[in-house]
Amino acid sequence: MSWPLWEVFVRPGRGLAHTHVGSLHAPDAEMALRHARDLYTRRGEGVSIWVVPAAAITASSPDEKDPFFAPAADKIYRHPTFYPVPEGVEQL
Amino acid sequence: MTWFTYLLRLGDDALIMAQRLSEWVGRAPVLEEDMALANIALDQLGQARLLLSYAGEVEGAGRDEDALAYFRSDREFLNCQLVELPNGDFAQTIVKLLCFGVYQDLLYQRLAASADERLAAIAAKARKETAYHVDHARLWTLRLGDGTPESHRRMRQALEEVWPYTHELFEDDEVTDELAADGRAVRPGELRQPWRATVESLLREATLEPPTEDWAPTGGRRGIHTETLSYLLAQMQSVRRAYPTATRW
């Protein structure tokens, strides 16, 4: 099947961000959206769907892992770990 | 008895549609479409369960949804012949889904205002599903009709096959007359014009011509079916009939 690949993002609720949930094949954007609805929101998982052509995504490569991400590891002052998270806050 | 008959007609339409569509599972052109058709089949099955359960209660003879689905023979099924037609190729399935989906959507829209509260509630719930079924059929009709010469040819062929069976959907009879009079049901004939308007404009948008009128096979509402229904029922019912007392699966 030569249909292009689409990446699917679903927003699980109001106030939350769209999250990548998977991918699918579809001939065009309109069908991709329908297929995404059938494949990824069958059990009421979402209130909004984005589909993005996989070809439009520029991704970092595993080879670049160290220069990209390693320098962040020892800069603890960048991490918000110096204050307690208030109780009952689920989405932070 | 009229009310039972009417509910059975609605329930059988949905049940046989569900069974036919589910035959695509594992065989659709692509995985994504496999899931889409299975979803639609499950929607139809859900509608069938609500309608047949209600029919069983109305009949009052102790038959539940399973008894009605698994222990009636072909002559006792009151679905329209359109839904029992074999799936054919993908184009034929899409044409069937379009023709039946638009009919069912218009019907449920009106039944949502039925004088019978329970049927009105079932119809209101089902309508959200049928709107999606129509949308799915619409998108494929546009893509196949206005697609390649081969997809266009197959859609035309499918229309020739399916179209004659659409006339039966709009037949009034003494059952629908009686129930429409007290506001519980809809006269199928009233749906014909809006149905034609919707389907024909969509076909034209997909560069397809609605077939010219020809023959109009009928009889499903009275239990007269094409021979394909018997095979469908044999497959659907055989396990249940082989183990009629089984309670766990």
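Atoms considered below: every heavy atom in the structure, side chains included; atoms not considered: hydrogens, waters and symmetry mates. In what follows, every chain begins at residue 1, and chains take the letters A, B, ... in the order their sequences are listed.
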Let me check something: any side-chain donor-acceptor pairs from residues 7-23 of chain A under 3.5 Å, sequence neighbours excluded? List them with distances.
from: E7(A); atom 1: OE1; to: H20(A); atom 2: NE2; distance (Å): 2.6
from: H18(A); atom 1: NE2; to: S48(A); atom 2: OG; distance (Å): 2.7
from: H18(A); atom 1: NE2; to: W50(A); atom 2: NE1; distance (Å): 3.3
from: T19(A); atom 1: OG1; to: A17(A); atom 2: O; distance (Å): 3.3
from: H20(A); atom 1: NE2; to: G22(A); atom 2: O; distance (Å): 3.2

Mark yes when over 12 heavy atoms from residues, nucleotides or ligands other than [X] sit less than 6.0 Å from its [atom1]; otherwise mark no.
X: R72(B); atom1: CZ; result: yes
X: Q235(B); atom1: CD; result: no
X: F71(B); atom1: CZ; result: yes
X: E117(B); atom1: CD; result: no

Practice problem: Select, from L42(B), L31(B), D135(B), I40(B), the one with the greatest count of heavy-atom pairs under 4.5 Å involving chain A. | Solution: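 Heavy-atom pairs under 4.5 Å are most numerous for D135(B).
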Practice problem: Measure from NZ or CZ of R37(A) to the centre of the six-membered ring of Y132(B), then state whether that distance is under 6.0 Å and the direction lies within 45° of the axis. | Solution: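 Yes, cation above the ring, under 6.0 Å and within 45°.
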Quiz prompt | Sidechain-backbone polar pair: E32(B) side chain, H35(A) backbone, donor-acceptor under 3.5 Å | solution =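 Not at all, since once roles are kept as given, no pair shorter than 3.5 Å links the two residues.
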Quiz prompt | Pairwise distance CG(D38(A)) to CG(D34(B)) - rounded to 0.5 angstrom | solution =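 With rounding to 0.5 Å, CG (D38(A)) is 11.0 Å from CG (D34(B)).
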Exercise. Inspect the contact between E30(A) and R143(B) and indicate whether a charged nitrogen and a carboxylate oxygen are less than 4.0 angstrom apart.
Key: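 Yes, R143(B) and E30(A) are salt-bridged.
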Quiz item: Looking at side-chain heavy atoms only, is the closest gap between V30(B) and H25(A) below 4.5 Å?
Solution: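 Result no, sub-4.5 Å side-chain heavy-atom pair not found.
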